[in-house]
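Heads up, the thing below is written out as structure tokens.
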Amino acid sequence: MEATQTMQVVHSIAELRSRIKDFRRTNDQTVGFVPTMGYLHEGHVSLLRKARAQSGLVVLSIFVNPLQFGPGEDFERYPRNTEKDLQLAEAAGADLVFMPSVAEMYPSPTRTTVNVTGLTARLCGASRPGHFDGVATVVSKLFHIVQPDQAFFGLKDAQQIAVIQQMVLDLNLAVEIVPCPTLREADGLAMSSRNVYLSEDERKQALVLSQALQKARDFSLAQASFTSEELEELVRSHISTASLADIDYVEALAYPSLEPFDNSHHTSSIIIALAVKFGKTRLIDNLILQVRK
Ligand SMILES: Nc1ncnc2c1ncn2[C@@H]1O[C@H](COP(=O)(O)OP(=O)(O)OP(=O)(O)O)[C@@H](O)[C@H]1O
Ligand SMILES: CC(C)(CO)[C@@H](O)C(=O)[O-]
Ligand code: BAL
């Protein structure tokens, strides 16, 4: 297959494998992979563009993975728009789109799961028990199916990247994980498929998230050193100015170890990660600071 051919959509694992095999037989270029849950926005498009620039074949997956949703979460109502997704994917240069059904990915109750310990103890791992088992399991399956040289992930899900990097290391998977920056709306809100759930008021108030992180960045630049508590308090107090915000967590940790730190002098990279609910909508965002020594 030539990278310039029109984009192809496949639903079965066997067909995807056969197309990638054909590409590998006739090419020595790399395969780049962008896993998503669909309802694509510019954040996803930026991952596809990066994959396009670096790979001979660009594979996109669209699969809302039931294994990573807990009871009472939004699996059934997760937004879907296949027609628009395919238009955006083609414009961004995807070659192959893999859209399996749940039955194709999980033909029988799965008895094998991938559990990354330690890194999943805090943040979304603590708030969404089992979530990262679902993510690591489906990403591991997708990596085995696609066998990409590189896989592109957004830093909006920074804990997810740390977990997947650890899984790749521990299981000797032959794929390079490429972390990509968070794309934001013009006013600063991190792009997310779930933003569509927000009411007009919630959307306005959700701005406090990126503002709070910006305040934390300014504070960190103005201080010779600081503690995690100082950063967390600053972020929490700004978010609390929004009456509709219900904080799930705000945590400052070393990154990518996701271990607590006392004083910024002791670590080189710090994440301030947050999850906040507006009504039924849970949004995440984060900021990664490189600490001056
Ligand atoms: N704003 C963004 N900028 C860059 N990458 C992003 C952004 N939002 C999501 N991604 C990345 O796109 C990939 C697929 O994510 P996903 O389909 O869950 O989208 P999402 O918008 O994060 O959805 P949701 O917020 O509902 O979980 C992940 O690697 C994710 O980190
Ligand atoms: C990586 C992923 C596609 C696995 O379902 C999902 O967690 C996501 O969209 O970030
Ligand atoms: N981007 C993370 C997918 C989820 O929230 O399940």
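These numbers come from the heavy atoms of this one structure, side chains and all, not from hydrogens, waters or symmetry mates. First listed ligand is number 1; within each ligand, the first listed atom is number 1.
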Non-neighbouring partners of R77 that pass salt bridge (Lys or Arg N to Asp or Glu O under 4.0 Å), sequence neighbours left out: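 Once residues adjacent in sequence are excluded, R77 has no partner under the salt bridge (Lys or Arg N to Asp or Glu O under 4.0 Å) criterion.
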Between F23 and L96, does a side chain to side chain contact (heavy atoms under 4.5 Å, CB included) hold up when you go through it step by step? CA-CA 11 Å; F23 174 82; L96 270 176; over 6 Å; no
Straight-line distance of D285 CG to L155 CG, nearest 0.5 Å: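 The CG atom of L155 is 11.0 Å from CG of D285, to the nearest 0.5 Å.
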With rounding to the nearest 0.5 Å, note down the distance linking NZ in K204 to CG in D187.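 K204 atom NZ to D187 atom CG measures 11.5 Å (nearest 0.5 Å).
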S55: which of D95, V34, T30, D149 passes side-chain contact (heavy atoms from CB on, under 4.5 Å): T30
Any N or O of [X] closer than 3.5 Å to N or O of ligand 1:
{"X": "S192", "result": "yes"}
{"X": "F153", "result": "no"}
{"X": "M191", "result": "yes"}
{"X": "M37", "result": "yes"}
{"X": "L183", "result": "yes"}

Please state which option from H41, R184, H44 has its nearest heavy atom closest to atom 8 (N) of ligand 1.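 Looking at heavy atoms only, the winner is H41.
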Residue selection (non-hydrogen contact nearest atom 29 (O) of ligand 1) among S46, G154, G43: G154
Under a 4.5 Å cut-off applied to non-hydrogen side-chain atoms, are L119 and Q159 in contact? no
Taking the side chain as every heavy atom from C-beta outward, state whether S210 and E185 have any atom pair closer than 4.5 Å. no
Under a 4.0 angstrom heavy-atom cut-off, which atoms of ligand 2 come close to Q68? 4 (C), 5 (O), 6 (C), 7 (O)
Which residue supplies the protein heavy atom nearest to [atom], what is that atom called, and how far is it?
{"atom": "atom 30 (C) of ligand 1", "result": "D157 OD2, 3.1 Å"}
{"atom": "atom 9 (O) of ligand 2", "result": "M37 CG, 3.4 Å"}
{"atom": "atom 27 (O) of ligand 1", "result": "R194 NH1, 2.9 Å"}
{"atom": "atom 1 (C) of ligand 2", "result": "Q160 NE2, 3.5 Å"}
{"atom": "atom 4 (C) of ligand 1", "result": "P181 O, 3.3 Å"}
{"atom": "atom 22 (O) of ligand 1", "result": "K156 NZ, 2.7 Å"}

Does the pair R128/D248 count as a salt bridge with the N-to-O cut at 4.0 Å?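 Result for this pair is no, no salt bridge flagged.
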Is K215 salt-bridged to D218, going by a charged N under 4.0 Å from an acidic O?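 Here K215 does not pair with D218 in a salt bridge, since their nearest N and O are not under 4.0 Å apart.
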Quick check with a 6.0 Å cut-off and a 45 degree axis cone: is R111 positioned over the face of Y106's six-membered ring?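 No; the conditions do not both hold, so R111 does not lie above the ring face of Y106.
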Decide side-chain hydrogen bond (donor to acceptor under 3.5 Å, both in side chains) for Q211 and H238; before the verdict, give the C-alpha distance in whole Å, the side-chain angles of both, and the deciding distance to 0.1 Å. CA-CA 8 Å; Q211 286 170 350; H238 186 73; 2.9 Å; yes
Hphob cluster co-occupancy, M7 + L47, side-chain heavy atoms under 4.5 angstrom: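 Cluster IDs for M7 and L47 match.
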Taking a hydrophobic cluster as the set of Ile, Leu, Val, Met, Phe, Trp and Tyr residues connected by side-chain heavy atoms closer than 4.5 Å, whether directly or through intermediates, do I161 and V175 fall within one such cluster? yes
Please state which part of V138 comes within less than 4.0 Å of ligand 2, counting heavy atoms only: side chain, backbone, both or neither.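 Side chain only.
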With a 4.0 Å heavy-atom cut-off (strictly under), which part of P35 contacts ligand 1: side chain, backbone, both or neither? backbone
Please classify the L47 to ligand 1 contact at 4.0 Å (heavy-atom distances, strictly less than): side chain, backbone, both or neither. side chain
Does D170 form a side-chain hydrogen bond (donor to acceptor under 3.5 Å, both in side chains) with Q166? I'd like the steps, not just the answer. CA-CA 6 Å; D170 290 346; Q166 189 66 45; 3.1 Å; yes
Would L60 and L40 count as a side chain to side chain contact (heavy atoms under 4.5 Å, CB included) if you check the C-alpha gap in whole Å, the side-chain angles of each, and the deciding distance to 0.1 Å? CA-CA 11 Å; L60 163 71; L40 302 187; 4.1 Å; yes
In this structure, does ligand 1 have an atom that sits under 4.0 Å from one of the heavy atoms of P79?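 Contact check P79 vs ligand 1: negative.
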Answer yes or no for Y78: is there a heavy-atom contact with ligand 1 below 4.0 Å? yes
Side chains of N286 and Y255: is there a donor and an acceptor less than 3.5 Å apart? no
Contact table, ligand 3 N/O with protein N/O, distance under 3.5 Å:
| unit_1 | atom_1 | unit_2 | atom_2 | d |
| --- | --- | --- | --- | --- |
| ligand 3 | 1 (N) | D157 | OD1 | 3.0 |
| ligand 3 | 5 (O) | R128 | NH1 | 2.9 |
| ligand 3 | 5 (O) | R194 | NH1 | 2.8 |
| ligand 3 | 5 (O) | R194 | NH2 | 3.4 |
| ligand 3 | 6 (O) | Q68 | NE2 | 2.9 |
| ligand 3 | 6 (O) | R128 | NH1 | 3.4 |
| ligand 3 | 6 (O) | R128 | NH2 | 3.4 |

Under 4.0 Å from one or more heavy atoms of T182, ligand 1 contributes atoms 1 (N), 3 (N), 4 (C)
